[in-house]
Each structure stands twice: as C-alpha cells, then as structure tokens.
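Since the structure comes first, as structure tokens, the remarks are kept for the end.
In the text below, chain A, chain B and the rest are named by the order of the sequence lines, each starting its count at 1.
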Amino acid sequence: MRYTSALIPTLKEAPSDATSQSHILLLRAGYVRRVGAGIYSYLPLGVRVLRRVERVVREEMDRAGALEVSLPALLPSEYFKETGRWDVFGDILFRLKDRKGSDYHLGPTHEEIITDMARREIHSYRDMPRNLYQIQSKFRDEPRPRGGLLRCREFSMKDAYSFDSSEDAARASYEKMRIAYTRIFDRMGLTYRMVSADSGAMGGSGSAEFQVLVQSGEDFIAACSSCDYAANLEVAETPARAPTGDGSQLPPRERVSTPGQRTIEEVSTFLRAEPARFLKSLLYVAGTEVVMAVVRGDHELNEIKLARALGVGDVFLASEEDVRKATGAAVGFAGPVGFAGKLLVDRDAMNVIDGITGANETDAHFIHVQPGRDFEARVADLRSVKDGDPCPSCGQTLKVYRGIEAGHIFLLGTHYSDKMGATYLDESGTSRPIVMGCYGIGVSRLIATTVEQFNDSDGIAWPISLAPYQVHVVQLGAEPEVVAAVTELERELEARGLEVLVDDREERPGVKFKDADLIGVPLRITVGKKALDRGGVEFKPRSERDPKKAELVLLGDAADLAAQWVKDRLAALTPESSP
RNA sequence: CGGGGCGUAGCGCAGUCUGGUUAGCGCACUUGACUGGGGGUCAAGGGGUCGGAGGUUCGAAUCCUCUCGCCCCGACCA
C-alpha cells in the first residue's frame, strides 16, 4: 500500500476526551474515530488490525474443531423472555419496537439464540459434541462506556457455545477451549493470566477469565508468584491467619470516648492503635434484612463473598438511616458487641487479640474486645485478598495486579437447555438436556488491550501477529535511484507474501519517522540516498528505540531478510502445534 | 443513578465572570518560495448556524430558562 493512496489521518494532538493510552494512540495513529459514546468507526488501519485479531481467533477456534455460524444481532424478545433475561438484563439491553409494536432488542450475547438453534438441529447424542461460534457485533447499553475501545456499547466479540451429552463431555469441550484460548493469547504475544472468577449472572458451575495484565485494567486479580494460582479479587482466597497471641489474660472490655472519630484511620490515629487490631463493622442490606459484616481494620470486605455467605445474589451497603436504626448510633460507631441482628465475622477478624470496635453508641468505641468472649458470631471468609497474602495453593506470596478481561470461558451445565427445552435422546432412547458451555473473547477490546500493553512514548508497537502491515518502507527523497529502489523493494517484499506500507509522501524525514513510530508497524526499512550510497537500506524494528541502531543491509538482500525476520517473530509467538 | 466539568474551524484551545468593531490563536489543510535523516521557515489563502430552542436587550459566544450531547469521578469499606 502506498501512503499517498491510503487513508491514515494521524493527529499531533489527541482529542481531549481520550484518557487511556490505547484510546489516545488509536485515535492519533488513525485507526479509529469516535461516533458516539462507546461507539466507534474503524478507519482502514483499524480494520486491518481487527481482521488480524479475528484471523488468529478463527484459526484457533477452527483448530479446536469449532464451527463458525452467524446469528442475527437484531432479536425478537421471545427468546430472552423464555429464559427470563429480558428482565434480568434490565437497562443493559438496547430495546426497540418494530412497526407493529412488537418488542425487539440488539443482542448483548447469544446463549438463547444458539440454544434455540441447538434444540432445533441437535436431537441425538450422535450430534454431539459440537461447538458453534461466531464473530459479531454485540450491543450493551453500558452504564458508563470508557477507555475508547476498552468498554464500548457496540463491540466485536467472538462467542462460542459447546453442546455435549454429559457433564464429563462438556468438561472436555471446556478444556479444549481453555487450550485454544491460551494459544490465541500466546499468539498475540500478550502477558496474561487465566484466573478463576465469579460466574455471576451467567449461571453454571465453572468459569475462568483470561486477564491481560495492564496498569489501566478495571479488574483486580491476585496471582501467586511461584505457582499458577490466579483468581479475580472477587473470589481470590487466602488461608485464615492464626491468632496473633493469647487473649485469655485480656482485661475486660472498656468503653472509651472517641468524639467524631469515625473512620479506621481516624480512630487508629486517635487511639494510637494499628488498624489490624480493629474490627471494622459494616452494615449491609441483604434482601429485606440488615446484617453486620465484620473484617479486620486493615482488610477490605468482599461483597461477593458476603453475598455468597448469606446465600443471596447481591448485597448493598446500608443507608445512613438503616445504620442508625440497626445500631442506635451514627455511622462510624458500629460494632459486633451487643449487636442484635444477624452478624457475620471474617475468619481473621475472629482471630484478633485485644480488639477495638465501635460501641454502637455515637462517639464511643470499645477497647480490649475479645471475639468469642465479648460476642459470638458466624465465622466466614469475607475479606478480599491483599498484596502479600499467602497463596491458598502453595503458601507463597500473592501479588495483586490490574487486568483487562479479554476472554471468559464458562461451563453452563443445563441452565439454558432446561429453560428452553433443548434435549437429545441418549443411547437408551431417554430424553436428556444438552450440557452446554460458552466462551467469549472481546475482539475489539483486544485491539485496545494490545495497544495498552505494546506502546511507548512514540506510539504503538504492534506484535507481529496483529500489525496492520508487517513492513513499513520509508522513502526519503525523490531521487530516481531512491524511487527505483523503493519500487523494487516493495515488489520483492510483496512477492514474499509480506504486507507493506510504503511512505511515498513528499514529507520531511522527521514527519515520516514520527508517523511510522506512531502507527507501530513492527519492521521499518528506510530507503534514502545516504544509505544507498553506502550500498543498502536501513532496517529498524519498531521495538528498537535508538534510531542509531538501524542496521544497514544490502538492497538485494533486504526482502529476504525482512521475510525471515517476520517469520522468526511469528514463530516466536506461535505455540507448539499440538496434534 | 449521584457529583463535577465541557460543548467556539478537522484537532487542541482563548474569548463568557464584566454584553458592544468584521469571533481569535496554535496545529492540520490549499498555493508559492526556500529547506531536506526525527513533527522546518516565510508569505498568501480557504474553512465558524459559537451544541440546539426560546427569552432579556438597541445589541448576546457572553445574561436567563429549557433542552441535547459528551467527558471525568463516584455508585457507598463506617
């Protein structure tokens, strides 16, 4: 592609509403443009990257035996009404009516539609296993789209669904997808972790997220530094701490005045006691009930764990009014001692010796509190793991990272097939529900995620597998020998199957180099009179920051060297081919 | 949904508080000259319903009301 025929509108300045690195760079380098909140157009470069991501995903899905289908994005409401998700999805659904007034919506995900396909077309155990996938636009009216392509209202997703005749077979299908996913992310060169996660609203028994580790990530994950344990902070575990001492000689608890001292930080400064001795008492509404949850002052309560311990779907922090009603004190002075309602205490909080807690009386706390002596409670794992906690699987240290969820695989079981009557006949002629799994990859999100991980102060530096072009030829000057060399080089590179961008603009060298760095094509070959006089052209990988490190190669060798360079880079990312 | 902020040329912004020539600046764009290995210089240009509607006024980008859009933070860790 000749730059003078291309549409690559690079910008010196980023639009002011772009915040994340990927958003800024994808806009500046001319890959995408914003059309509305969380809605983007792809310019030619953007489409090329999108196709690259899709290609890797398709190749690995096909390798794993999945079959590509295409489901509609515009959906009549009846399917989501069948499973109840017409209501469950709430405001996330983009809803619309047709001219007759019937309800429709744009598909946020396609379990129902694919289950409908399965119940129509899969009738026998002989028809399974099957795995159907598609790459398609999804629509979700996100409460807050953000980060450019990271969280959009219209986005491209690969979604796959497996159909099996038993739990065991479904687990095997799930395992195949797990392997396919690791191959996909490996081929993209991403630094990521597969983590266990909350299966949330999807229902089902098992799930794993593929989290790409980047500073700007929305999710927190805990990963072990020595074994392969990794989990979303929502569900990450750590063993309970042993009691720090012996509480048997502790003096009786004592009420102390703490006027206006509400937060752990304030009270801990006021009483000169470290936060780990505090019993942080939070009031939550679970269903119709107000419950008190207690964690150590230096720990964070995990709402998902609390909800699970209570056997409810969701918990909400109680309002100021509810706190007063339940404890008889202002917010900031709640405590488990003498609390009349339902009380849950974290394991580590239960092991605190000589604790401090609110006295359920405004401007007062208790000191010398001993769990078990001063109050009894139901004990559970309620707190989030924090940096430095021991790993539940090997005992080494956990570290907390930020990540972007790029993929998620679920074992669904028979959740959807039960609701929608997707059954098959087994060998004995008995009708049974199909066992399902579902597997998503955020295709457009991966573009942004990749840029988050592969950029520097000059621009993007694509991994070879996703780059819009593999070679960027920079033509300097318009002398006949330069033009001839560029034309010859372009032909030779393309003859070797490489995708080439040739900057043939009448621009100053500085402009061309800046644009090349911004766009991020992995290999740059500079053709100018200077180098030609020395017999060649200059090679420089985008990842090499120092311009002086450009390597002079003979013009006649350039195409072969470039082809080899690209091949080596691709090979480095490609996992061993498994049978 | 709560809080904050912003809509003026393709992009980045000034002007708005304190109403008053023809609405400015930088980048980008067009033309020309010089220049020519990391975002050059000079000159001459083109480009604006000042988000929209209504109102106040002799006069509105500026004041008032309504409205639309967008961005950020938060969505409760006492």
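The closest donor-acceptor contact from the side chain of A:Arg140 to the backbone of A:Glu142 lies at 3.5 Å or more, if one exists at all. Under a 3.5 Å cut-off, the side chain of A:Glu544 and the backbone N or O of A:Pro541 do not form any donor-acceptor pair. Checked by atom type and distance alone, the side chain of A:Arg445 pairs as donor or acceptor with a backbone atom of A:Glu405 at under 3.5 Å. In terms of modelled atom types and a separation under 3.5 Å, the side chain of A:Lys399 and the main chain of A:Asp389 share no donor-acceptor contact.
One N or O donor and one acceptor, one from the side chain of A:Asp515 and one from the base of B:G39, sit under 3.5 Å apart. Scanning atom types as modelled, no donor and acceptor separated by under 3.5 angstrom connect the side chain of A:Arg524 and the base of B:G37.
For A:Arg508, a side-chain nitrogen or oxygen approaches OP1 or OP2 of B:G40 to under 4.0 Å. Between A:Lys12 and B:G12 there is no side-chain polar atom (N or O) within less than 4.0 angstrom of OP1 or OP2.
Looking at the side chain of A:Arg153, the nearest of the listed nucleotides B:C70, B:G39, B:A75 is B:C70. Across B:A75, B:C77, B:G38, the shortest atom-to-atom separation from the side chain of A:Pro143 is found for B:A75. Listed nucleotides B:G38, B:G39, B:C29 differ in distance to A:Phe513; the shortest reach to its side chain belongs to B:G38.
Nucleotide B:A23: unpaired (no Watson-Crick or G-U wobble partner with both distances less than 3.5 Å). Using N1 to N3 plus N6-O4 or O6-N4 for Watson-Crick, or N1-O2 and O6-N3 for G-U wobble, each under 3.5 Å, B:U57 pairs with nothing. The partner of B:U41, taking Watson-Crick or G-U wobble pairs whose two distances both stay under 3.5 Å, is B:A33. A 3.5 Å limit on both hydrogen-bonding distances identifies B:G69 as the Watson-Crick or G-U partner of B:C6. Nucleotide B:C1 forms a Watson-Crick or G-U wobble pair with B:G74, both donor-acceptor distances falling under 3.5 Å. With a cut-off of 3.5 Å on both Watson-Crick or G-U wobble distances, the partner of B:U18 is given as none.
Crowding of A:Asp91 atom CG: a count of heavy atoms from other residues, nucleotides or ligands under 6.0 Å not exceeding 12. Enclosure of atom CD in A:Glu481 by more than 12 non-hydrogen atoms of other residues, nucleotides or ligands within 6.0 angstrom is indicated. When the shell of 6.0 Å around CD of A:Gln215 is examined, it contains 12 or fewer heavy atoms from other residues, nucleotides or ligands. Remark: A:Arg545 CZ is packed, more than 12 non-hydrogen atoms of other residues, nucleotides or ligands lying under 6.0 Å away.
Counting only residues at least two apart or in different chains, side chain to side chain donor-acceptor pair (under 3.5 Å) contacts with residues 366-376 of chain A comprise A:Arg253-A:Asp374, A:Asp354-A:His368.
Side chain to side chain, A:Tyr401 and A:Gln211 fail the donor-acceptor criterion of an N or O pair below 3.5 Å. No side-chain donor from either of A:Thr357 and A:Arg277 sits under 3.5 Å from a side-chain acceptor of the other. For the residue pair A:Glu234/A:Asn302, the side-chain donor-acceptor check at 3.5 Å is not satisfied.
Ranked by how close their nearest RNA chain B nucleotide is to the 5' end, A:Gly147 and A:Leu476 are led by A:Leu476. Position along RNA chain B of the nearest nucleotide to A:Glu506 versus A:Lys514 favours A:Glu506 as the more 5'-ward residue.
Of the residues in residues 538-547 of chain A, those with a non-hydrogen atom less than 4.0 angstrom from any atom of RNA chain B are A:Glu538, A:Lys540, A:Pro547. Near-neighbour residues of RNA chain B inside residues 479-486 of chain A, defined by a heavy atom below 4.0 Å, are absent. Near RNA chain B, meaning a heavy atom under 4.0 Å from it, residues 13-44 of chain A has A:Glu13, A:Ala14, A:Pro15, A:Ser16, A:Asp17, A:Thr19, A:Arg28, A:Arg34, A:Ala37 in order of number.
The shortest distance between side-chain heavy atoms of A:Val502 and A:Met1 does not fall below 4.5 Å.
Using cut-offs of 30° and 60° for the angle between ring planes, the A:His105 and A:Trp86 rings count as perpendicular.
Taking the C1' atom of each, B:G39 and B:C76 are spaced 47 Å apart, rounded to whole Å. Straight-line distance between the P atoms of B:C50 and B:U8: roughly 11 Å, to the nearest whole Å. A gap of 10 Å separates the C1' atoms of B:G52 and B:G69, to the nearest Å. Taking the P atoms as reference points, B:C71 lies 31 Å from B:C25, given to the whole Å.
In this view, A:Ser16 satisfies the side-chain contact (heavy atoms from CB on, under 4.5 Å) rule with no residue, not counting sequence neighbours.
Among the protein residues, A:Val474 comes within range of no part of the nucleic acid, since none of its heavy atoms lies under 4.0 Å from any strand. Contacts of A:Leu283 with the nucleic acid, taken as non-hydrogen atoms under 4.0 Å apart, include base atoms.
Going from atom CG of A:Leu11 over to atom C1' of B:G12 covers 10 Å, rounded to whole Å. Atom-to-atom, NZ of A:Lys530 to P of B:G38 comes out at 7 Å; the value is rounded to the nearest Å. A:Ile519 has its CD1 atom 17 Å from the P atom of B:G39, to the nearest Å. Atom-to-atom, CD of A:Glu142 to P of B:C72 comes out at 13 Å; the value is rounded to the nearest Å. Between the C1' atom of B:C77 and the CG atom of A:Leu233 lies a distance of 13 Å, rounded to the nearest Å. Nucleotide B:G37 holds its P atom 15 Å from the CG atom of A:Asp503, rounded to whole Å.
Remark: aromatic rings of A:His23 and A:Tyr40 are close, center separation under 6.0 Å.
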Do nucleotides 45-50 of chain B as a string where each nucleotide becomes B, S or -: B if the base has a protein heavy atom under 4.0 Å, S if just the sugar-phosphate does, - if no protein is that close.
------
